[in-house]
Each structure stands twice: as structure tokens, then as C-alpha cells.
Amino acid sequence: MSAPSYSLFVMGNPLLDIQVTNGEELLKKYDLKANDAILAEERHLPIYDEIVKNYKVTYVAGGAAQNAARGAAYVLPPHSVVYTGCVGDDDLAEQLKAANAREGLDEVYQVKKGEKTGACAVIITGHNRSLVTTLRAAEKFEKSHLSSPEVAPLIEAAKFYYVEGYFLTHGVESVLEVSKKASEASKIFALNLSAPFIPQFFGVQLQQVIPYCDIIIGNETEAAAWASATGLSNTTDLGSIAKAIATQPKSNPARPRIVVITHGSESTTLVSAANPEEVKAYPVNKLKDEEIVDTNAAGDGFAGGFIGALVAGKSVDEAVEAGHRLAAIVVQQVGPQYKWPKVQIL
């Protein structure tokens with residue numbers, strides 16, 4: 001039997017989000033910023049038990065690229081999107097599979113026997129979210145999984161690829177494998193910067209992958225971190241930062257790179273290397289404060305809507321609007337979840 005054919009292949013760290021609200025004390029205790037994403041150090045590890053013991057927690061399927069993949073699956077026909085990453089053989093992995101099934105996302109996990117599935121403590125304060133991730137099994141992903149009989153045909157058949165920047169902390173060889181294949185076949189490879197610490201501390205890995213990227217998505221703090229890490233004099237002008245990223249060297253120059261920078265409820269900035277002097281700004285329909293439940297995974301919702309729309313053959317302008325619509329749905333739910341019954345996005 002031939003393998004199913006998916007239009008979009010997504011790769012990232014599968015995580016279960018453990019989410020709490022009113023986490024001001026936790027921010028102080030663990031020296032966390034209100035709106036940030038970090039990898040847990042030794043001093044942060046007690047947070048996972050502490051929040052389960054002392055707070056009312058909500059468990060939500062997470063992992064940046066998996067959230068975006070579920071978003072793209074939400075806007076596309078069934079079996080359009082497939083996702084890979086590494087999980088343990090535990091209950092957390094089963095919870096992730098159940099959430100994916102609901103959104104119509106298929107997965108081809110690498111499963112590590114005896115390992116724990118990764119987790120992310122999500123500390124909500126007001127409209128901010130602080131993410132503290134312990135990767136566990138996720139960082140044990142092996143490049144050989146990509147050439148396995150289960151996965152290789154899916155990569156071959158896909159037309160679009162999306163990877164989170166977080167994956168660069170351990171899996172740059174896997175990202176290069178997929179991005180180079182996409183570039184050589186003139187298919188579309190998209191990367192999300194994911195968090196300020198990626199350009200700050202994994203800039204070497206990021207710069208290795210950028211030449212193969214057709215689309216780069218980030219938010220204003222990630223863009224500022226990239227600008228600072230690469231020595232740009234202006235670290236606040238999103239248009240000039242987007243232009244600088246768009247005009248980085250490219251292995252397949254026939255397809256001009258597109259850079260999209262979101263900025264919460266402020267306008268989204270887009271620059272294409274086809275016309276780098278033209279900075280496009282797309283206003284966001286602002287929600288009322290009382291409509292916002294939390295902002296966890298709003299950026300992943302945007303990315304899922306944006307990439308999903310492009311997969312569906314929509315224009316870049318239409319794709320930005322789809323991203324805005326899906327992000328607006330995410331912030332009105334608890335964590336990275338989408339509305340049911342389904343809302344028509346495209």
C-alpha cells in the first residue's frame with residue numbers, strides 16, 4: 001500500500017503544555033521574564049512538580065511546530081498535514097496524539113522507549129506567557145528517522161515544509177537535511193525563529209539554515225534578537241530587520257525569500273526579497289481585553305494559518321489575513337487550542 005501524500009511536512013519538539021494562570025510568584029521565584037521562552041536549567045526543574053502541586057493546571061498539547069501544524073490542519077482538508085518529532089512511550093504522548101486527531105493532524109513520531117515526553121511549563125500573567133521547556137525525549141530525535149520507510153516517502157511527496165527554530169538547539173543536521181531537499185526540489189521551506197534565545201545563542205545553527213529558507217516567521221522580540229546578534233545598528237525597526245533577513249544569501253535565488261514579523265496586536269510586517277524596499281504592514285483587528293483568554297501559542301496560530309493558506313494556494317496577502325484570524329481564535333481559548341465547531345478561515 002502506498003504511503004499517504006501530505007502537502008505539508010512539519011518537524012519540531014512535541015511537548016505537553018502544563019499551563020497555570022496568575023503565576024506572578026513563580027516568575028519571581030524562578031527569575032523568569034513575563035513574556036519569554038527558555039530551556040529549563042537545573043534551577044528551573046522543580047517548577048514542573050510545584051505547579052502541579054500548588055496551582056490549578058491545564059494540560060494542553062503543545063510544542064511550537066506541532067501547534068502550527070494543528071493550525072494548518074484546522075484550515076486545510078483532512079490528511080493535508082503530517083508532523084514528526086520524538087516522544088517517549090508514555091501517557092503524555094498519548095495525550096498529544098488525541099489532540100492531533102481532533103484537529104486532523106497525522107503524526108509519524110519517533111518513539112523512544114523508556115523516555116519521558118517533553119513538557120513545557122506555561123506561566124500566564126495577564127496577557128503575557130512565560131514558557132519553560134524541558135525537552136526530554138524531544139531532543140533525542142535522530143536524523144535517521146527522516147530516512148525511515150515510514151517518513152522518507154512523506155518528505156518526498158510534500159510540497160511545503162515547516163520547522164520551528166527550537167529544533168536547532170539539538171537537530172540542526174535534521175533541519176539541514178529537510179531544508180536542502182526542499183531547496184533542491186524548488187519546494188517551499190519555512191522556518192520560525194521561535195524565541196529570542198535562538199538567534200542569541202544558536203546563531204551559528206540559524207545562519208547555516210537561512211540560505212535554504214523561503215519563508216522566515218518571527219515576532220518583534222525575536223527579530224530584535226536577530227538584529228542584535230548579527231550587529232544591525234537598528235534593533236527596533238521591524239521593516240529594516242525584515243529586509244536584512246530577506247536579503248540574506250539564498251541557495252535557490254529563483255524564489256525570493258519572504259519574511260513575516262508579527263507584533264502582538266500591532267501590525268504585522270512583511271518584506272519580500274523580490275522588492276526589499278517595499279515594507280508591507282497588515283493591521284491586526286484588535287480584540288477587547290475581556291475577549292483574550294491567554295496569548296500562549298498566538299504566534300503558532302498565526303504561522304499555522306499563514307502556511308495553511310499558502311498550501312491552499314492563497315496569495316501572501318490572504319495568507320497574512322488567515323494567520324491573523326487563526327491567531328485571534330487561539331488567544332480566545334486556553335492555550336494552543338482551536339475553536340469547535342470549526343470556524344471557516346480560508
Side-chain angles (χ1 to χ4, degrees), residues 8 68 71-72 75 159-163 165 179 182-183 186-194 196 198-199 203 206-207 209-286 298-328 345-346:
L8 173 60
V75 306
K159 306 282 190 297
F160 288 77
Y161 306 84
Y162 177 87
V163 176
S179 61
S183 182
S186 206
K187 294 175 178 181
I188 294 176
F189 182 86
L191 180 79
N192 200 310
L193 295 177
S194 294
I198 298 298
L206 180 59
Q207 293 305 121
V209 173
I210 283 178
Y212 306 103
C213 295
D214 300 294
I215 297 166
I216 294 177
I217 301 171
N219 67 21
E220 78 284 4
T221 57
E222 294 150 13
W226 185 87
S228 177
T230 53
L232 287 194
S233 55
N234 190 329
T235 60
T236 55
D237 180 355
L238 298 183
S240 66
I241 299 169
K243 176 186 169 183
I245 300 173
T247 53
Q248 291 286 300
K250 193 161 186 295
S251 67
N252 176 13
R255 193 193 300 281
R257 182 182 295 120
I258 292 168
V259 176
V260 188
I261 301 174
T262 61
H263 191 180
S265 61
E266 304 298 314
S267 292
T268 294
T269 301
L270 185 144
V271 171
S272 167
N275 187 3
E277 299 308 321
E278 185 190 5
V279 178
K280 287 187 165 185
Y282 299 84
V284 173
N285 286 330
K286 293 191 183 183
D300 300 333
F302 173 86
F306 180 79
I307 298 293
L310 293 178
V311 171
K314 303 294 183 186
S315 70
V316 169
D317 293 347
E318 290 169 316
V320 172
E321 294 309 327
H324 286 171
R325 284 198 287 276
L326 203 58
I345 299 293
L346 302 183

Taking salt bridge (Lys or Arg N to Asp or Glu O under 4.0 Å) as the test, write out the residues that go with Lys286, two or more places apart. Glu266
Any side-chain heavy atom of Val163 within less than 4.5 Å of one from Val209? no
Apply side chain to side chain donor-acceptor pair (under 3.5 Å) to Thr236 and list each qualifying residue two or more places apart in sequence or on a separate chain. Asn234
For Lys280, which residues count as a salt bridge (Lys or Arg N to Asp or Glu O under 4.0 Å) partner, sequence neighbours excluded? Asp317
Distance (rounded to the nearest 0.5 Å) between Leu206 CG and Cys213 SG: 7.5 Å
All heavy atoms of Asn252 vs all of Ser183, minimum pair found to be CB-OG, 3.5 Å
Can you find a heavy atom in the side chain of Leu238 that is under 4.5 Å from one in the side chain of Val279? no
Checking Ala319 now: which residues fulfil side-chain contact (heavy atoms from CB on, under 4.5 Å) with it, not counting sequence neighbours? Phe306, Ala309, Leu310
Would you list the pairs meeting ring pair (Phe, Tyr, Trp, His ring centres under 6.0 Å) in which at least one residue belongs to residues 258-279, sequence neighbours left out? none
Value for OG1 (Thr262) from CD (Glu222), rounded to nearest 0.5 Å, stands at 7.0 Å
One should read off an interatomic distance between Thr235 OG1 and Trp226 CH2, to the nearest 0.5 angstrom, of 12.0 Å
Taking all atoms of both residues into account, what is the closest heavy-atom pair of Ala281 and Ser267, and its distance? CB-CB, 4.3 Å
How many angstroms lie between atom CD1 of Ile215 and atom OH of Tyr162, to the nearest 0.5 angstrom? 10.5 Å
Roughly how far, to the nearest 0.5 Å, is the CD1 atom of Ile188 from the CZ atom of Arg255? 4.0 Å
Looking at every heavy atom in both Leu232 and Ala244, which two are closest together, and how far apart are they? CD1-CB, 3.8 Å
Residues two or more places apart in sequence or in another chain: which of them pass salt bridge (Lys or Arg N to Asp or Glu O under 4.0 Å) with Lys250? Asp214
What are the two closest non-hydrogen atoms of Gly308 and Val75, and how far apart are they? CA-CG2, 3.9 Å
How far apart are the closest heavy atoms of Ile241 and Ala223, and which atoms are they? CG2-O, 3.5 Å
Specify whether His324 and Phe302 have parallel, tilted or perpendicular ring planes, treating 30° as the upper limit for parallel and 60° as the lower limit for perpendicular. tilted
Might you point out which heavy atoms bring Thr247 and Pro276 nearest each other, and give the distance in Å? CG2-CB, 3.8 Å
Counting N and O atoms only, with roles assigned by atom type, does the side chain of Arg257 sit under 3.5 Å from a partner on the main chain of Val271, one being a donor and the other an acceptor? no
What's the separation between atom CD1 in Ile216 and atom CD1 in Ile258, rounded to the nearest 0.5 Å? 11.0 Å
